[in-house]
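Got a structure here, written out as structure tokens. Questions coming.
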Amino acid sequence: MPVLASLNIHNLRNLTQANLGPLSLHNVIYGINGSGKTSLLEAAHILGTARSFRSGGAKSLITHGEQSYVIHGERRLPAGGVVSMGVQREKAGGMTLRLAGEPSRSVSQLADELPLLLINADSFDLLVGEPANRRRFMDWGVFHVEHHLRDHRRRFQRALTQRNHLLRRGKLDPSELDVWTRDLATHAELVSEGRERFLSALRQAFEPLISELAPEIGPVTLSYRRGWDASSTYSEALQRSLESDQEQGFTQSGPQRADIKVTVSGYSAADTLSRGQQKLLVCALKLAQGQILAGEQGDVLYLIDDLPSELDPERCERVCTALALMQVQTLITCVSPSAIPMDWLGSDAEVAMFHVKQGSVAPVSTAVDNGKMA
Ligand SMILES: Nc1ncnc2c1ncn2[C@@H]1O[C@H](COP(=O)(O)OP(=O)(O)OP(=O)(O)O)[C@@H](O)[C@H]1O
Ligand SMILES: [Mg+2]
């Protein structure tokens, strides 16, 4: 069911006054380069997270020459009715969040209200980027499914920092080091077990998705690398590497080195797959993530920037079909609407189309003409 009913934007990048709505379950936003498509997704992202997904300071988001931006949205409630959400940011740095007309201090309240997932060009990093990208992905899963592990993640990080600090200092007090080593081992094991559980839940959702989206590429395997020798506990691994850790001045193994190894027929997916195949794999991971999130929080909003890029029409349609089956709300941008195959929508599908032109948004009729949008 649609999560977001409407989005109003004032002075965000080139969107001086834009109204995106009424929103449907699926929303296709098209326009030429520089028209404001990504900025519309950015606005939805800010509404749900209080931050952008693009690099650059918060000030660069405010329309040049203006003092603040305001984003306002209406979130549809499962029981009927809407709740209003708002984010305002001043050039001077102040930020105001509003929920149901009341000022709110908590970004996590916004996130609970509007769970969203983003697929854009940066999503390739999940496959081809540094392991830290995949650790963030796992930790996202862990924290959404097992909230109590947030505290263990924090305590793991603290113990690691303290232990590394002692190792770097050289002059060691063995009993002090021992305290942090034990603390580190306890929380690291819990964090790692949580990541492993998330990965097995992810695999269950991912496997059918990848075989729908890219059956041609062969079997894809997601293997968990926990960051230390799999045959021992972390505590044993830390004991074994104590001398070498002292020499190096930091803790060499542990969850801070964890990764997901993605292979296709035994070969590294990042080194083997074509760009389009990589995109399909990343989409399967993100859709699997959405299924887990939907299981926890109900509604999910997907922000998909330039869906057709890198994909041929048939494979683009496969992604659309998978999204339609999930019944999640989507905001999909593209340069040309003809690049989005409309057959997936069916005659009774809930779809809205918007044309963005120099920062202005206009709804477009979605009358079906021979299976294609007008
Ligand atoms: N702070 C700002 N004030 C005014 N205009 C801005 C600001 N920041 C960016 N812009 C402009 O906003 C416009 C919209 O950018 P956006 O990235 O949303 O375009 P887009 O439609 O996604 O384009 P593309 O198809 O190239 O991805 C661009 O012309 C950009 O130069
Ligand atoms: Mg863009």
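Throughout, residue positions are numbered sequentially from 1 according to the sequence presented. From a predicted model like this one, the values you see are computed outputs, not experimental measurements. Both counts, for ligands and for their atoms, begin at 1 and track the order of listing.
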Inset, instruction - With ring pair (Phe, Tyr, Trp, His ring centres under 6.0 Å) as the test, would you mind laying out the steps for His355 and Tyr30 before giving the verdict? - result: CA-CA 5 Å; His355 186 192; Tyr30 70 94; 4.6 Å; yes
Legend entry - Approximate separation, where rounding is to 0.5 Å, of Glu130 CD and Arg135 CZ: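 Separation between the atoms: 9.0 Å.
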Legend entry - Thr333 near the Mg ion (ligand 2) via N/O/S, less than 2.8 Å: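 Here the distance criterion (N, O or S atom, under 2.8 Å) is not met by Thr333, so no.
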Legend entry - Heavy atom of the protein closest to atom 2 (C) of ligand 1 (residue, atom name, distance):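 Going by distance alone, atom 2 (C) of ligand 1 is nearest to His64 NE2, 3.4 Å.
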Legend entry - Exercise check, heavy-atom protein proximity under 4.0 Å to atom 30 (C) of ligand 1: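 No, no protein heavy atom sits under 4.0 Å from atom 30 (C) of ligand 1.
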Inset, instruction - Take Gln162 and Arg158 through the side-chain hydrogen bond (donor to acceptor under 3.5 Å, both in side chains) test and state the conclusion after the steps. - result: CA-CA 6 Å; Gln162 294 293 343; Arg158 178 160 168 260; over 6 Å; no
Inset, instruction - Answer yes or no: are there more than 12 heavy-atom neighbours, outside Ile32 itself, under 6.0 Å from its atom CD1? - result: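 No, not enclosed.
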Inset, instruction - Within a distance under 4.0 Å of any heavy atom of Gly36, pick out the atoms of ligand 1 and give their elements. - result: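 What qualifies from ligand 1 is 14 (C), 18 (O), 19 (O), 20 (P), 21 (O).
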Inset, instruction - Taking only heavy atoms of Ser39 into account, list the atoms of ligand 1 that are under 4.0 Å away from them. - result: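 Atoms satisfying the 4.0 Å criterion: 14 (C), 15 (O), 16 (P), 18 (O).
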Inset, instruction - Answer yes or no for Arg275 and Phe124: cation-pi contact, defined as NZ/CZ to six-membered ring centre under 6.0 Å and angle to ring axis within 45°. - result: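 Judged by the rule, Arg275 and Phe124 form a cation-pi pair.
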Inset, instruction - Decide if atom CD of Gln246 counts as having more than 12 heavy atoms of other residues, nucleotides or ligands within a radius under 6.0 Å. - result: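 Result for CD/Gln246: enclosed.
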Legend entry - Where ligand 1 meets Ile32 - atom numbers and elements under 4.0 angstrom, heavy-atom basis: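 The list of qualifying atoms is 21 (O).
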Legend entry - Minimum-distance protein heavy atom relative to atom 23 (O) of ligand 1: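 Scanning the protein heavy atoms, the shortest distance from atom 23 (O) of ligand 1 goes to Gly34 N, 2.8 Å.
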Legend entry - Residue-ligand contact Arg54/ligand 1, heavy atom below 4.0 Å: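 For ligand 1, residue contact (heavy atoms, under 4.0 Å) with Arg54 is present.
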Inset, instruction - Answer with yes or no whether the side chains of Lys279 and Ser309 bring together a donor and an acceptor at under 3.5 Å. - result: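 Distance-only check passes for Ser309 and Lys279.
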Inset, instruction - Take every heavy atom of Gly31, measure it against each atom of ligand 1, and state whether any distance is under 4.0 Å. - result: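 No.
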Inset, instruction - Run the salt-bridge test on Arg13 and Glu42 with the 4.0 Å N-O cut-off and return the result as yes or no. - result: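 Salt bridge present between Arg13 and Glu42.
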Legend entry - More than 12 heavy atoms of other groups within 6.0 Å of Tyr267 OH: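 Not more than 12 within 6.0 Å, no.
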Inset, instruction - For atom 11 (C) of ligand 1, grab the closest protein heavy atom and report residue, atom and distance to one decimal in Å. - result: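 Residue, atom and distance for the closest contact: Asn14 CB, 4.1 Å.
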Inset, instruction - Number the atoms of ligand 1 from 1 as they appear, then name those within less than 4.0 Å of a heavy atom of Thr38, with their elements. - result: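 Answer for ligand 1: 17 (O), 18 (O), 20 (P), 22 (O), 27 (O).
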Inset, instruction - Could you find the nearest protein heavy atom to atom 8 (N) of ligand 1 and give me its residue, atom name and distance? - result: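 For atom 8 (N) of ligand 1, the nearest protein heavy atom comes out as Arg13 NH1, 3.3 Å.
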Inset, instruction - Measure from atom 25 (O) of ligand 1 to the protein's non-hydrogen atoms and state whether any distance is below 4.0 Å. - result: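 So atom 25 (O) of ligand 1 has protein heavy-atom neighbours under 4.0 Å.
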Legend entry - Part of Asp306 within contact of ligand 1 (heavy atoms, under 4.0 Å):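 Under 4.0 Å from ligand 1, Asp306 contributes no heavy atoms.
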